[in-house]
Amino acid sequence: MTDVRIYVTYKESVFDPQGDTIKQAIHALGHDEVKDVKVGKFFDVTLDPSKKDIKTAVKEVAEELLVNFNLETYRYEIMEEA
């Protein structure tokens, strides 16, 4: 089995209202050194490499279900192979 973490984030050109709200809260606490906050999400997925190539499986899962390509992009990293 292979554990993969898929990170989904807004594209650079998309306004991130949640990130902006968090940045404002951080500034309200007196931390003006924080210049930007980006919000994203990640999915920990365990894959069986005997069923399908890991790269192919991640691509299919991300592109068919996890990512809205109008707003988001993704990357992944292999966490652990057993």
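Computation of the quantities below employed the complete heavy-atom set of this structure, encompassing side-chain atoms and omitting hydrogens, waters and symmetry-equivalent molecules. Throughout, numbering of the chain's residues begins at 1 and tracks the sequence.
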Mind checking whether [X] and [Y] have side chains closer than 4.5 Å, heavy atoms only?
X     : Y     : answer
Lys59 : Tyr76 : no
Val61 : Leu66 : yes
Val58 : Val45 : no

| said: Closer than 3.5 angstrom, by distance alone: can the side chain of Lys38 be matched with the main-chain N or O of Glu12 as a donor-acceptor pair? | reply: no

Approximate separation, where rounding is to 0.5 Å, of [X] [atom1] and [Y] [atom2]:
X     : Y     : atom1 : atom2 : result
Thr56 : Lys51 : OG1   : NZ    : 16.0 Å
Ile26 : Thr21 : CD1   : OG1   : 11.0 Å
Thr9  : Lys41 : OG1   : NZ    : 10.0 Å
Ile54 : Lys52 : CD1   : NZ    : 11.0 Å
Asp53 : Glu60 : CG    : CD    : 9.5 Å
Ile22 : Asp16 : CD1   : CG    : 7.5 Å

Tell me the closest heavy-atom pair linking [X] and [Y], and the distance in Å.
X     : Y     : value
Val34 : Val37 : CG1-CG2, 3.9 Å
Arg5  : Asp44 : NE-OD1, 2.6 Å
Tyr74 : Ile6  : CD1-CG2, 4.2 Å
Leu71 : Val14 : O-CG2, 3.6 Å
Val39 : Gln18 : CG1-OE1, 3.4 Å
Met1  : Pro49 : CA-CD, 3.9 Å

| Got more than 12 heavy atoms from elsewhere within 6.0 Å of NZ, Lys11? |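 Yes, enclosed.
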
| query | Hey, is CD on Glu77 packed in by over 12 heavy atoms from elsewhere, all under 6.0 Å? | reply |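 Correct, the count exceeds 12.
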
| Taking the six-membered ring for Trp, are Phe42 and Tyr7 parallel (under 30°), tilted (30 to 60°) or perpendicular (over 60°)? | tilted

| With hydrophobic residues grouped by side-chain heavy-atom distances under 4.5 Å, do Phe43 and Phe69 end up in a single group? |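 Linked, Phe43 and Phe69 end up in one cluster.
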
